[in-house]
Amino acid sequence: MADNDLALMAHLLRRAGFGAARSELEEYAAKGYEAVVEELLNPEDSPPVEEDIIDRYYGGEAPTIWVGKWFYRMIGTKRPLVEKMALFWHHVLATGINKTEHLPSSGGQIELFQRIGMSDVRTVLLEVSKDPAMIYWLDNHENRKGEPNENYGRELLELFSMGVGNYTEDDIKNAARAFTGWTITQPIPLYPQGHFKSEFQFSQGDHDEGEKTFLGHTGNLNGDDIVDIVVKQPATANFLARHMYNFFVADEPQVPAWSVEPPQDQETIDTIVKAYMETDGDIVAMLRAMFNSDSFKNAQFKKVKNPTELVAGVLKLVGTYRFPEPGVVAFGAATTLMGQTLLNPPTVEGWHTGKEWIDGGTLNERINFAVNEIGDAGKPGIQDIINRLGAHGGSVSPEEFTDKALDLVGPLPVDDKTHAALMEYAESVGSLDFSSDEAREEATPRVIHMLQMIAATREFQFA
Amino acid sequence: MVRPHGLLRAGFPFLKTLGMRRITNFPADVAFGAEGRIYILLRTEVDAEIRVWHFDDAESLTDQLIGIGGLGKDDGKMTWPVQIIADADENLFVSDEALHRITSFNMDGEFVANWGEQGSEDGQLNGPSGIAFDADGNVLVVDTLNHRVQKFTSAGKFISKWGSFGSEPGQFNMPWGIHVDELGDVYVVDWRNDRIQKFNSDGEFVFEIGTSGNGDGQFNRPTGVAVDADGDIYVADCGNNRVQMFNEHGRYLQKFLGDATLSRVARNYMLTNAFPNRLRDMANLEQEKLLRSPKSVRVDAEGRMYVPDYRSYRVQVYQKEAIHLTEQQLAPPLRAPTLQTV
């Protein structure tokens, strides 16, 4: 297969998933781009993650354990887009466990996104309006007839669907009134028997049955009606399409700037919007339009990896955790050091993305994580790279060594300066010899060092 | 050992709850010592410990919160402990499916030995889980990822093995718990085949119980098995959040869904915590008594059944009430059900 086919497939799998080991990448590439897009968009055709295996081996209910199990899913799933969409919605419909302090609700929200994240926008917005983590996070449990709390109504319009400038303050007030009485059941407290679930509860007595006018619609509107009206708005299609573009295609400015700063690529966003409007907000249709667009295909390495993508991608590369093994709790801690605590986005806006992921401290953490993971020659993914480098059993020149290593890590294109630096190292150690076990043993630390240098490049930080 | 001719099953009431969050976090198994001592094996991704408790649950016997082991890989540490058993001298043996070894401690909690290494050759282990003593003091180990049972001396010398991967009688798919009854028969939880298999002491297949499902006598990823002196069989049906009970022939008798009350330590805690008391006052407490993912079940010599209620941080204890019947007190077996009632 052509190198560009492999590079394009690697790009798709980095964006629609969390990367791929080389053998996995080759299997996907053999199927062809559009076929793989369809495979990703139809996860029910691939086997699910084996939940019984996860439950058997990973015990405990601390958030770090929950997040570790999510990483296990990201790495091993045959349905990577399901997990990627859960991460997408986690970013867009952000709630934080620092406020809920309730893992069944905060983790349950991600599980909700895993179930419905590829359904349609109406389902997502309606279900998240009934989601205990969201209700508590935005105080809708305090939203009662006669004493409305506008938090949820405001954020639903501002950050979850239409964006600033497409509604009035009166629309917010009336949306809030429509969601009065949408509350949660009181869970049994953490002590002494651990967490128990909270569930959505409609409290009729707290619901405002009065007439409301919202975006030109008047009546005794309930929360369902608000969602129905919202999802029909072109502004919602535009706003969520821009979110998708920002998450999957290329970095946009931060969300608060969207009302004043136009998208860098309105044409692609229009393509996604068109799919939305033609299908009443079918998420798979939007994703299909996006993944098959030329601008997506041409957007290789135009996005800074978020910390979750970086960590999961490195783990895919090194080939560990294909079956449960201890240590998953480390991954949530790692992304926290890189600026992304899963289950706990900093605000209702989610995380700031793009170059804001990178500063002196987080870059150091990103590189250290990758370098440490790659540093173990016993890991199956590293073994595979070494085997592929030495597949012909003879000598590998410095240039071949450099280019093959870049290919096997990505394929990862690098600029001349980076290439020259890698070449300098390769030349300093000379040709690699794979003609015997002893020679291979001698070559191994050099290969690892090269891979670590690649992981420390500027280019490796991009998806 | 002779089994009773028959039983008058008078009842199986709930007896008590032991432990709470912080004290008995995620109990995976229990073992019994003398004078009512109970060793509760705790396992999460961030902890691995044996909590020494007492059936009487008296504060004076438990307030030191004695723990054995700890999370790690070194001697005397555990990473993914699965089951615990105690020998007559109260030496404790713990299987560790991450470290592929059996670790033993004496009753003072001092490390004694590790044995086992990862592999699939005779005597090697891959993810050991269930462990049980046979009548000779040998240790039967469920070698989960090798889909077999291996027998060792208590010092870890390989004796024999049986089983292979599959779903036919005598085959396993990631087996878990194990029990050797007083007659020497062996019961193995065939976890991913959703069944229990009974073998004689030579490892020859005798019968199996269960299919996949949530009906009576069906299982959803069972974990532990125990057999009492009457031959009754108890199965921790983890995925269905219950324990099921069968007679010695494998006929379904009843199920236990959980009846927990607040333990002594839980009550003491709640009496000094006003806010959670208010929350409890607002909550539906019905679900609180139910079992959540029981990872094992054990019975002691007094006919008590202990269920490590994994996700509820406690152990639920039931008391069997059964009277042995003589031949005169139990009519001969019938060939078919009858509508005659007296």
Side-chain angles (χ1 to χ4, degrees), chain A residues 50-72 100-105 107-108 132 136 141-142 183-201 203 320-333 378, chain B residues 17 19-23 25-26 28 42-47 71 73 79-80 82 97-99 127 129 144-145 174 176 191-192 220-221 223 238-239 260 262-263 265-270 273 275-289 292-293 295 309-314:
Chain A
E50 295 177 312
E51 297 293 338
D52 61 337
I53 295 286
I54 294 177
D55 287 345
R56 173 166 183 161
Y57 288 98
Y58 291 128
E61 64 177 351
T64 52
I65 298 170
W66 194 97
V67 169
K69 290 192 283 190
W70 192 11
F71 270 104
Y72 179 81
T100 71
E101 297 183 342
H102 193 245
L103 185 65
S105 295
Y136 189 73
H141 60 301
E142 302 274 11
T183 186
I184 53 174
T185 59
Q186 174 59 54
I188 299 170
L190 178 59
Y191 284 90
Q193 258 82 241
H195 279 305
F196 287 80
K197 274 192 169 181
S198 174
E199 291 177 340
F200 171 70
Q201 178 169 261
S203 174
T320 48
Y321 293 93
R322 300 304 193 270
F323 190 81
E325 48 187 301
V328 289
V329 291
F331 306 136
Chain B
T17 304
M20 65 170 281
R21 183 179 157 89
R22 274 198 189 156
I23 291 171
N25 285 357
F26 294 94
L42 311 177
R43 167 181 170 172
T44 75
E45 282 304 292
V46 292
D47 189 27
L71 184 69
K73 295 178 181 174
T79 298
W80 278 357
V82 186
E97 61 188 344
L99 303 179
S129 56
T144 298
L145 297 174
M174 296 182 68
W176 188 319
W191 180 68
R192 248 188 164 193
N220 180 2
R221 301 297 184 262
T223 49
C238 184
L262 288 188
S263 67
V265 283
R267 290 171 203 220
N268 286 349
Y269 173 87
M270 294 308 296
N273 284 275
F275 185 64
N277 275 333
R278 173 56 63 192
L279 300 184
R280 290 176 63 80
D281 202 47
M282 296 162 64
N284 175 355
L285 296 177
E286 196 175 6
Q287 57 196 311
E288 189 180 40
K289 67 183 178 186
R292 296 197 288 181
S293 304
K295 299 283 192 188
D309 191 0
Y310 186 72
R311 287 197 296 121
S312 285
Y313 301 76
R314 66 191 172 196

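All heavy atoms count here, side chains included; hydrogens, waters and symmetry mates do not. Throughout, protein chains are lettered first and strands after them, A, B, ... in sequence-line order, and every chain is numbered starting at 1. This one's a predicted model, so the numbers in the text were calculated from it and none came from an experiment.
Contact annotation for A/Tyr57: both backbone and side-chain heavy atoms come within less than 4.5 Å of a heavy atom of chain B. Only the side chain of B/Ser129 comes within contact range of chain A, judged by heavy atoms closer than 4.5 Å. Proximity to chain B (any heavy atom under 4.5 Å) is restricted, for A/Pro187, to the backbone atoms N, CA, C and O. Residue B/Thr79 touches chain A through its side chain alone, counting heavy-atom pairs closer than 4.5 Å. Of the atoms belonging to A/Ile188, heavy atoms from both backbone and side chain fall under 4.5 Å from chain B. Residue B/Asp309: no heavy atom, backbone or side chain, is found under 4.5 Å from chain A. Neither the backbone nor the side chain of B/Leu71 comes within contact range of chain A, judged by heavy atoms closer than 4.5 Å. In this structure, chain A has a heavy atom under 4.5 Å from the side chain of B/Leu262, while its backbone stays farther away. With a 4.5 Å cut-off on non-hydrogen atoms, B/Trp176 touches chain A through its backbone and its side chain both. For chain A, the nearby part of B/Tyr310 is the side chain; its heavy atoms alone come within less than 4.5 Å. Both the backbone and the side chain of B/Met174 come within less than 4.5 Å of a heavy atom in chain A.
Put simply, of B/Arg267, B/Arg314, B/Met20, B/Arg21, the one with the most heavy-atom pairs under 4.5 Å next to chain A is B/Arg21. For the set A/Gly327, A/Gly194, A/Pro326, the entry with the most heavy-atom pairs within less than 4.5 Å of chain B is A/Pro326. The residue among A/Val329, A/Asp52, A/Ile65 with the most heavy atom pairs within less than 4.5 Å of chain B is A/Asp52.
In terms of heavy-atom proximity, B/Asn284 sits nearest to B/Gln287 at O-NE2, 3.4 Å. The heavy-atom pair separating A/Pro192 from B/Met270 by the smallest distance is CD-SD, 3.9 Å. Closest approach of B/Cys238 to B/Thr223, counting heavy atoms only: CB-CG2, 3.4 Å.
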- Message: Walk me through whether B/Arg292 and A/Glu61 qualify under salt bridge (Lys or Arg N to Asp or Glu O under 4.0 Å).
- Response: CA-CA 13 Å; B/Arg292 296 197 288 181; A/Glu61 64 177 351; 5.8 Å; no
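Ring geometry for A/Phe71 against A/Phe331 counts as perpendicular: the plane angle is over 60°, on a 0 to 90° scale with 30° as the lower cut.
A/Trp66 and A/Tyr58 have their aromatic ring centers separated by at least 6.0 angstrom.
In this structure, B/Arg278 CZ and A/Gln186 CD are separated by 11.0 Å, a value rounded to the nearest 0.5 Å.
Within a 6.0 Å radius of CZ in A/Arg322, other residues, nucleotides and ligands contribute more than 12 heavy atoms.
Checking A/Glu101 against A/Tyr136 by side-chain atom types alone, no donor-acceptor pair falls below 3.5 Å.
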